[in-house]
Amino acid sequence: MNNNYSLLENIASPADVKSLEREALPELAAQIRSKIIETVSRTGGHLAPSLGVVDLTIALHFVFNTPPDKIIFDVGHQAYAHKMLTGRFSRFDTLRQRGGLSGFVRMSESPYDAFTVGHASTSISAGLGMACGKELKGERAKVVSVIGDGSMTAGLAYEGLNQAGGLKKDLIVVLNDNDMSIAPNVGALSGFLSRKLSSSRSFLGWREEFKSLLRQGSVAYKLMKRLEESFKAFITPGMLFEAFDFNYFGPINGHRIDHLIDAFEAVRQTNSPALVHVLTTKGKGYEPAERNPTYFHGVGSFEVSTGNCVSRAASPPSYTQVFGKTLIELAQKDDKIVAVTAAMPEGTGLAPFALHFPERFFDVGIAEQHGVTFAAGLAVEGFKPVVAIYSTFMQRAYDQVLHDVCIEKLPVVFAMDRGGLVGEDGPTHHGAFDLSFLRSIPNFVLMAPADENELARMLKTALEYGGPIGLRYPRGAGVGVVVEEKIKPVPIGKAKVLDQGGDALVLAAGPLVHEALCAARRLAKQGIGVTVVNARFIKPIDSELIISLCKKIPRVLTIEENALSGGFGSAVLECIADAGLSGVRVSRMGIPDRFVEHGTQKELRRSLGLDEDGIAGRILSLLGRDNHK
């Protein structure tokens, strides 16, 4: 690995990129790749996507005049090179660390970050809005939306293309085609693009080979150019984008910086919608990532020389693994169980299910809204669909959950992974709002397991329920509880008392139940008795148990890893108010009314007081006692 950053160290802004000779740009690209690999091997991050667009990013900043010109990166996890070229090289070692650089593009981090992103397929819509805004203000700056072929599986991208073409605005879309998103792309449209893009790669190789053999200006060269234009419509996806009234340019080798610069300089002269089709290799420049781009899409720390994951101390299986294993076990006994995911078979733990039951597994692509309504259709036909989606991405399908599933009480199970604080991916990925936005929907049952065994039990509960129901669980390893061989369902709406004491009542939901227990047992050594309740259900909450306990212990603490606004604590307050209880003092712990930045899960929980120390301190405060350990 090259640790010479002589060029990169002198890049304080894109103006310094423009000052370089073209011949120096490949070396700059090599230095950027080396720095990305070196840093991500320690911090973890989105390695393969960022390596694939290094040359493209250099060419964009060489041609366009940012920040007056706007470059919008779809999703934004591929913008590591962009960060280094816009004055952040000296801080790049802080990537994804608490207080350091975000792993995504953030407007609040740099004036060169044109739009805050983290969820896929937003760049074209945002770019069109900016282009229209600039036109209204009389500005002549350019807007460039960089979007991957994976993000093109989402309807939002085509909604943006449709309006942009109809308005004929000055918008440049760069299609970064690397043949995949996180997982291989799916669907008929993706199939069409894949066939065309595959042909495009062959076409590109053929074109470059013949151009190298023929003298420019010769009769044979001119004939080849005419043939090229004739064949292009048949073997590239240009016809699709031209149907949206976009001028199509490409395909272009995304690792030939000189070709990219020439193309962007030509496109910059246009004033109508244009799409530049760029062919890249995900993980370019690092053989392990090129060989296994799915694994290196988002990776933890690893050994640079081998690409192997850095070994860690043995830990319990993750909640994701427990979910996937349990679903297979239940599906072996019930052929009506089917699984649905939105381009995340690995991340949601459904990849093993897909191998066991390929005909009962459905990957809908980056299309959460469609996935939910698709599952509703399966439910109508008598199946038991389990929709496994990260909590943060469930936000995109709120209307479909409410309208298409819950009105008719369809038996769709929602398995929401990454509920709560996810760590280094930060505010765009924290699952901080699901308890709040789902709790308000009629007919919906909402659960939060305290440990791995309870997750398995709740999954069985959900599949036997016969209506809309969701379970949300966190990222990472469980607390170390053994999953019982015979899985028993959980009684709907029933909480469980774990410890008893008369001084304070703690009502906790999800994995923070474990932290609450540890805090209570620490305080018990100081003679303070705490009743700890595992709520299990966010809706319906166990009103009968809660009211009976509040009457005996009117000092109540609620704990959740969710936004305090409208979450579990709010449900408890509503329960107490509806019962007409007075004299009950309630304190709530959860995520405050702000977006939480990135850091490790442990760091973030500690900063919010959502750990054993913080909970013990809050109980003491509730009791009016000194906060001491």
Side-chain angles (χ1 to χ4, degrees), residues 44 46 181-183 294-301 309 312-331 337-357 360-364 366 368 371 385-395 413-425 429-432 434-435 446-463 469-484 487 510-514 561-562 600-602 604-605:
H46 291 91
S181 50
I182 297 174
T294 299
Y295 175 78
F296 283 95
H297 173 86
V299 67
S301 53
C309 177
R312 300 180 184 277
S315 63
S318 69
Y319 285 93
T320 303
Q321 290 170 327
V322 172
F323 161 75
K325 182 175 182 292
T326 304
L327 187 62
I328 290 173
E329 292 175 3
L330 296 173
I337 294 175
V338 295
V340 179
T341 190
M344 297 291 287
E346 296 286 346
T348 59
L350 286 180
F353 184 97
L355 293 174
H356 278 80
F357 310 105
R360 291 155 62 185
F361 170 76
F362 302 93
D363 184 347
V364 300
I366 302 176
E368 290 82 3
V386 177
V387 181
I389 295 176
Y390 288 5
S391 168
T392 186
F393 301 135
M394 273 298 298
Q395 295 162 187
V413 176
F414 296 94
M416 292 170 288
D417 203 330
R418 271 63 167 179
L421 300 167
V422 298
E424 292 87 349
D425 282 342
H429 283 62
H430 293 316
D434 50 13
L435 301 187
L446 186 55
M447 305 176 285
D451 55 46
E452 305 95 305
N453 187 55
E454 204 159 67
L455 169 59
R457 294 185 65 191
M458 286 183 176
L459 184 55
K460 183 174 178 63
T461 304
L463 287 163
I469 188 167
L471 56 154
R472 64 99 79 156
Y473 43 94
R475 179 184 187 180
V479 298
V481 172
V482 175
V483 177
E484 297 169 359
I487 305 172
L512 291 182
V513 169
H514 179 72
E561 198 164 288
N562 184 80
T600 67
Q601 288 173 298
K602 186 175 181 179
L604 297 179
R605 286 170 182 145

- First locate atom CG of Leu459, then atom CD1 of Ile469, and finally report the distance between them rounded to the nearest 0.5 Å. 10.0 Å
- Keeping the roles fixed (side chain from Arg457, backbone from Glu452), state whether a donor-acceptor pair exists under 3.5 Å. no
- Item | Test item: side-chain donor near acceptor, Ser391 and Asp434, under 3.5 Å | yes
- Item | ring-ring contact (aromatic ring centres under 6.0 Å, His included) involving His46 - partner list, sequence neighbours excluded | His77, Phe104, His297
- Message: Is the shortest side-chain heavy-atom distance between Phe414 and Met394 below 4.5 Å?
- Response: yes
- Message: Just so I know, are the side chains of Leu330 and Lys460 near enough to count as touching, which here means a heavy-atom distance under 4.5 Å?
- Response: yes
- Message: Please verify the inter-ring angle class for Phe393 with His429; under 30° counts as parallel, over 60° as perpendicular, anything in between as tilted.
- Response: perpendicular
- Show your reasoning for whether side-chain contact (heavy atoms from CB on, under 4.5 Å) applies to Ile389 and Met344. CA-CA 8 Å; Ile389 295 176; Met344 297 291 287; over 6 Å; no
- Close side-chain approach of Pro511 and Asp451, heavy atoms under 4.5 Å: no
- Query: So which heavy atom on Ala456 is nearest to which on Ile487, and how close?
  - Reply: O-CG2, 3.5 Å
- Message: Check whether Gln601 reaches the backbone of Gly423 with its side chain - one donor and one acceptor, N or O, closer than 3.5 Å.
- Response: no
- Item | Atom pair CG (Leu327) and CZ (Arg360), whose distance is rounded to the nearest 0.5 Å | 8.5 Å
- Query: Looking at side-chain heavy atoms only, is the closest gap between Asn453 and Val482 below 4.5 Å?
  - Reply: no
- Query: Side chain of Arg475, backbone of His430: donor and acceptor closer than 3.5 Å?
  - Reply: no
- Item | Glu454 side chain reached by Val513 side chain, heavy atoms, under 4.5 Å | no
- Under 3.5 Å, is there a donor-acceptor pair between the Thr348 and Asp417 side chains? no
- Please name the pair of heavy atoms, one in Leu435 and one in Asn562, separated by the smallest distance, quoted to 0.1 Å. N-OD1, 3.2 Å
- Item | Verdict with supporting geometry, Phe361 and Thr341, side-chain contact (heavy atoms from CB on, under 4.5 Å) | CA-CA 8 Å; Phe361 170 76; Thr341 190; 3.8 Å; yes
- Task: Quick one: do Leu471 and Leu446 satisfy side-chain contact (heavy atoms from CB on, under 4.5 Å)? Show the steps, please.
- Result: CA-CA 6 Å; Leu471 56 154; Leu446 186 55; over 6 Å; no
- Note on the structure: Tightest non-hydrogen contact, residues Cys309 and Tyr295, listed as CB-OH, 3.3 Å
- Hey, is the main chain of Pro317 close enough, under 3.5 Å, to the side chain of Gln321 for a donor-acceptor pair? no
- Using 4.0 Å as the upper bound for N to carboxylate O, is an ion pair formed by Glu561 and Arg605? yes
- Query: What heavy-atom pair brings Gly431 and Val422 nearest, and what distance separates the two atoms?
  - Reply: N-CG1, 4.3 Å
- Could you go step by step and tell me if Val387 and Phe362 meet the side-chain contact (heavy atoms from CB on, under 4.5 Å) rule? CA-CA 10 Å; Val387 181; Phe362 302 93; over 6 Å; no
- Looking at Tyr319 and Ala450, what are the two nearest heavy atoms and their distance? OH-O, 3.7 Å
- Task: Working to the nearest 0.5 Å, report the span between CE of Met447 and OH of Tyr473.
- Result: 11.0 Å
- Are Phe357 and Phe353 an aromatic pair by the rule of ring centers under 6.0 Å? yes
- Message: So which atom in Ala342 and which in Asp363 form the shortest heavy-atom distance, rounded to 0.1 Å?
- Response: C-OD1, 3.9 Å
- Query: Hey, are the side chains of Val386 and Val338 touching, using non-hydrogen atoms and a 4.5 Å cut-off?
  - Reply: no
